[in-house]
Amino acid sequence: MTENEIVELLAAFMVLLGGIVAIISAYGIITLPDVYTRSHAGTKSSTLAVLLALTGVFIYFWSAENYISIRLVLGIVFLYLTAPVAGHLICRAAYHSEETKDPEQ
Amino acid sequence: MPVQFLLNLLIAVLWVFLKDADTFEFPDFVTGFLIGIVIIFFMHRFFGTPFYLIRAFAMVRLLWIFNYELWTSSLLIMKQILLPNTSFEPGVFTYETKLKTDWEITALALLLMLTPGSVVLRISPSGNEFLIHAMDVKETKPLVLKSIQVYESIILEVTRP
C-alpha cells in the first residue's frame with residue numbers, strides 16, 4: 001500500500017462519514033418535534049456533512065491527480081458563509097409567522 | 001493597517017527584482033515576503049497602528065473556533081437525534097451584545113448558529129439584542145453565554161485591535 005493509496009482511503013472515509021452524518025441529520029429533521037429544534041438538525045450537522053464530503057473530494061483530487069481544485073475551496077468557503085444564514089432565515093420566518101398567528105406570545 | 005500589508009508586498013516584489021532571475025520564481029517572492037515581515041515588525045511603531053499580522057492571527061483563531069464549534073455542536077445534535085429518550089426542553093432567551101458595527105454582529109450571529117445547542121431566532125431592529133433558541137435551556141444556557149463572551153472578545157480582536 002503506497003502513501004497515495006492511504007491518503008485516498010482517508011478521503012473516501014471522509015466522504016462516507018459525510019454521507020452518514022447527512023443521513024442522521026435528515027432523520028433528525030423528520031423526527032424532531034417542532035420547527036426550531038428541526039432547524040438545529042438542519043443547520044449544524046448538515047453543514048458538517050457537506051463540508052466533510054467536499055474536503056474528502058478535495059483531498060482525493062490532490063493526492064490522485066495532483067490537482068488543487070480552487071472551485072472546491074470556494075465551495076467550502078461559501079458553504080461556511082451561507083448555511084448558517086439559511087438556517088437563521090428559516091427560523092426567523094417561523095418566529096414571525098408564529099408571532100402574527102398568536103398575538104399573546 | 002492595509003498600508004503595512006501593501007508595503008510588505010512591495011518589499012517582496014522588490015526582492016524578486018533584486019534577485020534578477022530570468023523568470024518569476026515563487027520561492028523568491030516568499031523569501032521577500034518573509035524579509036518584509038521582519039522589516040515591518042521592527043518599523044510598525046512608526047505607522048502608529050498595531051502590527052498587521054496580529055489581526056491575521058486573530059482571524060485564524062476565529063476560523064479554528066468556528067470549526068471546533070461546528071464539530072462539537074454536530075456531535076451533540078446527533079446524540080440528541082439518535083437517543084430520542086434523552087429528555088430535553090427547548091426554550092428561548094435573549095442576550096444583549098456589546099458589539100456595534102454590522103460586520104461584528106453578523107459574525108457573532110454566524111458563530112452562534114453553529115454553537116452547540118443554540119439557534120438565533122431574531123435580532124432586534126436596534127441590532128444589539130439576540131433572541132436565541134436553545135435545545136435544552138437549563139443545560140446549554142450557561143454554556144452558550146460563556147462561549148458568547150469568548151466570541152465577542154475574538155471578534156473585537158479582529159475588527160479593532
Side-chain angles (χ1 to χ4, degrees), chain A residues 14 17-55 68 73 76-100 102 104-105, chain B residues 59 62-94 102-103 105-125 129-137 139-140 144 151:
Chain A
M14 277 177 90
L17 199 68
I20 292 171
V21 172
I23 287 173
I24 293 173
S25 121
Y27 180 65
I29 291 175
I30 295 168
T31 52
L32 284 173
D34 64 348
V35 182
Y36 304 132
T37 44
R38 280 176 184 176
S39 72
H40 279 269
T43 54
K44 296 177 177 99
S45 33
S46 57
T47 313
L48 183 73
V50 183
L51 190 81
L52 275 173
L54 284 180
T55 318
I68 297 176
V73 177
I76 291 171
V77 168
F78 279 105
L79 183 75
Y80 264 130
L81 288 178
T82 53
V85 176
H88 169 64
L89 280 178
I90 292 170
C91 279
R92 196 181 130 93
Y95 180 73
H96 281 296
S97 66
E98 208 164 74
E99 210 173 36
T100 48
D102 183 14
E104 279 172 22
Q105 269 190 341
Chain B
M59 268 181 209
L62 193 65
L63 213 70
W64 166 251
I65 287 178
F66 212 71
N67 271 312
Y68 177 76
E69 295 295 345
L70 185 60
W71 273 99
T72 48
S73 63
S74 297
L75 290 181
L76 185 72
I77 191 81
M78 281 194 274
K79 200 185 99 190
Q80 278 162 341
I81 291 169
L82 291 179
L83 308 172
N85 49 356
T86 47
S87 62
F88 54 83
E89 42 178 303
V92 175
F93 63 95
T94 57
D102 287 351
W103 274 108
I105 289 167
T106 311
L108 185 63
L110 280 182
L111 275 171
L112 273 178
M113 288 299 293
L114 297 179
T115 319
S118 76
V119 162
V120 183
L121 284 189
R122 105 179 244 267
I123 298 167
S124 67
E129 215 179 87
F130 286 80
L131 189 61
I132 298 169
H133 180 267
M135 198 77 178
D136 193 349
V137 187
E139 250 184 55
T140 52
V144 169
Y151 301 153

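Convention: sequence-line order gives letters A, B, ...; per-chain numbering from 1. No experiment lies behind these values; they were computed from the predicted model shown.
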* Tell me, side chain or backbone of Leu131(B) under 4.5 Å from chain A's heavy atoms, or both, or neither? -> side chain
* Would you say His88(A)'s side chain and Val120(B)'s backbone share a donor-acceptor pair under 3.5 angstrom? -> yes
* Asked: So, do Val92(B) and Tyr36(A) sit near enough that their side-chain heavy atoms are less than 4.5 Å apart?
  -> no
* Structure fact -> Okay, Ala109(B) and chain A: the region with an atom under 4.5 Å from a heavy atom over there is neither
* Asked: Nearest 0.5 Å, what's the NZ-OG1 distance between Lys44(A) and Thr72(B)?
  -> 10.0 Å
* Can you tell which part of Thr106(B) gets under 4.5 Å to a heavy atom of chain A, answering side chain, backbone, both or neither? => neither
* Could you tell me which portion of Leu52(A) (side chain, backbone, both or neither) has an atom closer than 4.5 angstrom to a non-hydrogen atom of chain B? => side chain
* Counting N and O atoms only, with roles assigned by atom type, does the side chain of Arg38(A) sit under 3.5 Å from a partner on the main chain of Ile29(A), one being a donor and the other an acceptor? -> yes
* Check each atom of Ile90(A) against the heavy atoms of chain B and say whether the ones under 4.5 Å are side chain, backbone, both or neither. => neither
* Backbone of Leu112(B) reached by a side-chain donor or acceptor of Ser118(B) within 3.5 Å -> yes
* Structure fact -> So, the part of Leu110(B) with a heavy atom under 4.5 Å from chain A: the answer is both
* Checking Ile24(A) against chain B: side chain, backbone, both or neither under 4.5 Å from a heavy atom? -> both
* Please confirm whether the backbone N or O of Ser45(A) pairs with a side-chain atom of Ser25(A), one donor and one acceptor, at under 3.5 Å? => no
